[in-house]
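Notes for the one structure printed next.
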Amino acid sequence: MKLSRLLLTLMLPAVLSAAETVKLDTGTGALSGTIELPASKPPYAVVLIIAGSGPTDRDGNNPLLPGRNDSLKMIADGLAAHGIASLRYDKRGIGQSKSAGMKEEDLRFEMYVDDAVRWGEYLRKDARFRALVIAGHSEGSLIGMIAAPKASANGFISIAGAGLPGGQIILKQFRAQGIPPDQMKSLENIVKALEEGRKPESVPAGLFALFRPPVQPYLISWFKYDPASEIAKLKMPVWIFQGTTDIQVSVDDAKLLAAGDPAAKLVLIDGMNHVLKEAPADRKKNIAAYSDSSLPVVPKLLDEMVAMIKGLN
């Protein structure tokens with residue numbers, strides 16, 4: 001073999017996985033997902049990867065931000081390289097699952113949970129897969145921990161998952177901004193009403209975008225779930241991963257989840273930010289990683305996930 005051809009051969013990446021695009025009918029539209037298969041022969045353990053809040057797609061990218069980070073795609077690729085399959089999907093109304101979008105007044109948090117359960121059942125029916133692990137990132141953590149027992153998962157992984165109910169997260173964020181006491185009191189009254197399952201009597205103009213009437217039923221459905229209480233209900237191996245330079249979810253959140261399930265393994269990853277990349281605590285530099293697909297996910301996260309999944313019976 002000529003030297004030039006030998007060098008080219010050595011430079012070519014090994015075929016480590018194969019991707020399949022799949023559809024799931026929910027009765028209110030189709031969800032689109034990607035199954036990542038290892039190059040080895042089945043059966044495989046399979047991980048259902050659930051993305052975070054807002055318009056974040058199956059790969060971990062948010063169209064509201066410039067560029068891509070591809071964090072969840074990198075997780076799927078990394079798992080496949082270690083013989084573990086995965087399925088990641090666009091949540092309803094997002095990306096290629098737009099047809100399953102709902103009017104905001106009709107959307108409920110439980111719909112996201114039900115969708116995750118449907119995907120879990122879909123994977124359970126596929127003879128190529130054996131152990132099912134659900135991994136939720138950010139808001140996907142809460143969705144996943146509620147869905148896991150319903151989907152008869154063999155394990156659950158929380159990645160950068162909040163430890164507080166939604167209403168308390170919002171109050172914490174606004175307190176950190178140092179808003180005036182009168183506005184804070186109004187906000188507290190709104191959150192209290194929604195937590196109690198009531199629509200607030202009034203919403204000031206400055207808070208209307210967040211608490212507008214059509215979205216209030218969704219907020220009521222979301223606020224009632226306490227992640228620390230939900231994770232305590234799990235009767236399966238649980239791993240909690242949290243980065244120390246995450247500027248959206250804190251180490252304290254991870255500790256709240258761990259307190260809810262003392263049997264869970266808490267893994268703090270030094271220097272990992274919210275999109276699972278190595279980044280400093282400096283806000284500007286940290287956010288720059290949200291749009292940099294050239295940065296890999298932190299290796300320790302993948303190493304720990306692979307060890308956890310391969311350790312399942």
Side-chain angles (χ1 to χ4, degrees), residues 20-36 44-53 56-58 72 75-76 79 84-102 106-159 161-162 165-166 217-218 220-240 257 260-261 264 309 312:
E20 295 179 358
T21 299
V22 290
K23 297 283 186 180
L24 180 69
D25 183 17
T26 68
T28 54
L31 301 180
S32 178
T34 300
I35 292 179
E36 206 78 35
Y44 318 106
V46 62
V47 181
L48 176 60
I49 301 172
I50 307 174
S53 61
T56 304
D57 68 15
R58 74 186 81 180
L72 301 185
I75 290 290
L79 292 174
I84 299 167
S86 66
L87 187 151
R88 62 191 192 278
Y89 64 97
D90 294 333
K91 298 195 303 297
R92 58 174 60 234
I94 306 303
Q96 299 302 309
S97 300
K98 281 191 172 112
S99 67
M102 309 288 291
D106 297 328
L107 185 64
R108 301 292 184 274
F109 187 80
E110 289 82 4
M111 291 179 178
Y112 293 129
V113 175
D114 292 343
D115 290 342
V117 174
R118 289 187 184 99
W119 279 119
E121 292 170 344
Y122 177 96
L123 293 171
R124 280 292 191 198
K125 293 175 183 176
D126 193 320
R128 295 174 297 180
F129 307 129
R130 47 183 183 82
L132 169 65
V133 175
I134 293 182
H137 174 249
S138 193
E139 186 182 71
S141 169
L142 178 58
I143 294 170
M145 71 178 69
I146 300 171
K150 296 180 180 181
S152 300
N154 301 100
F156 172 70
I157 297 173
S158 171
I159 308 172
Y218 174 80
I220 289 172
S221 73
W222 174 37
F223 285 6
K224 68 183 180 184
Y225 292 105
D226 180 354
S229 297
E230 295 303 323
I231 204 168
K233 299 175 184 178
L234 299 183
K235 307 299 181 185
M236 63 186 72
V238 173
W239 265 249
I240 301 166
L257 293 178
D261 183 2
I309 295 162
L312 291 173

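Residue Gly144 comes nearest to Ile134 through the heavy atom pair CA-CG2, 3.8 Å, listed as atom of the first residue, atom of the second, then distance. Here the closest heavy-atom approach between residue Ser86 and residue Ala76 is recorded as OG-CB, 3.3 Å. Between Met236 and Ala153 the shortest heavy-atom distance is CE-O, 3.6 Å. Taking each heavy atom of Phe223 and Pro165 in turn, the nearest pair found is O-CB, 3.8 Å. Shown here for Ala116 and Leu48, the closest heavy-atom pair between the two residues is O-CD2, 3.4 Å. What you find for Gly161 and Leu257 is that their closest heavy atoms are O-CD1, 3.6 Å.
Thr28 meets the side-chain contact (heavy atoms from CB on, under 4.5 Å) test with Thr26, Arg92, Met102; sequence neighbours excluded.
By the 4.5 Å heavy-atom criterion applied to side chains, Ile49 and Tyr89 are not counted as neighbours. With a 4.5 Å cut-off on side-chain heavy atoms, Ser141 and Phe156 count as touching. Side-chain contact between Leu87 and Thr34: absent, with no pair of heavy atoms (C-beta onward) separated by less than 4.5 Å. Using a 4.5 Å heavy-atom threshold, the side chains of Arg58 and Ser32 count as touching. At a threshold of 4.5 Å between non-hydrogen side-chain atoms, the residues Ile309 and Leu79 count as touching. Contact of the Leu123 side chain with the Asp126 side chain is not registered, since no non-hydrogen atoms from C-beta on lie closer than 4.5 Å. Counting heavy atoms from C-beta outward, Val133 and Leu312 have side chains that approach closer than 4.5 Å. The shortest distance between side-chain heavy atoms of Trp119 and Val22 falls below 4.5 Å.
The structure places CD of Glu230 at 13.0 Å from OG of Ser158, a figure rounded to the nearest 0.5 Å. To the nearest 0.5 Å, atom CD1 of residue Ile50 and atom OG of residue Ser138 are 12.0 Å apart. To the nearest 0.5 Å, atoms CG (Leu31) and CZ (Arg118) are separated by 7.5 Å. Separating the CD1 atom in Ile159 from the CD1 atom in Ile75 is a distance of 5.5 Å, to the nearest 0.5 Å. Distance check: Tyr218 OH to Met111 CE gives 10.5 Å after rounding to the nearest 0.5 Å. Separating the CZ atom in Arg88 from the CD atom in Glu36 is a distance of 5.0 Å, to the nearest 0.5 Å.
Within the 3.5 Å criterion, the main-chain N or O of Leu132 finds a donor-acceptor partner in the side chain of Asn154. In this structure, Lys91 contributes its side chain and Gly52 its backbone to a donor-acceptor pair below 3.5 Å. Of the possible donor and acceptor atoms, none in the side chain of Asp261 sits under 3.5 Å from a partner among the backbone N and O of Ala232. Remark: the backbone N or O of Asp90 is paired with a side-chain donor or acceptor of Ser97 at under 3.5 angstrom.
Between Glu121 and Lys150 no salt bridge is recorded (no basic side-chain N to carboxylate O distance below 4.0 Å).
With no hydrogens or angles considered, a side-chain donor-acceptor pair links Glu110 and Tyr225 at under 3.5 Å.
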Item to complete: Mind running side-chain contact (heavy atoms from CB on, under 4.5 Å) on Arg128 and Ile35 for me, showing each step along the way?
Response: CA-CA 11 Å; Arg128 295 174 297 180; Ile35 292 179; 4.3 Å; yes
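In this structure, Phe109 and Trp222 have parallel ring planes: the angle between them is below the 30° cut-off, well short of the 60° mark.
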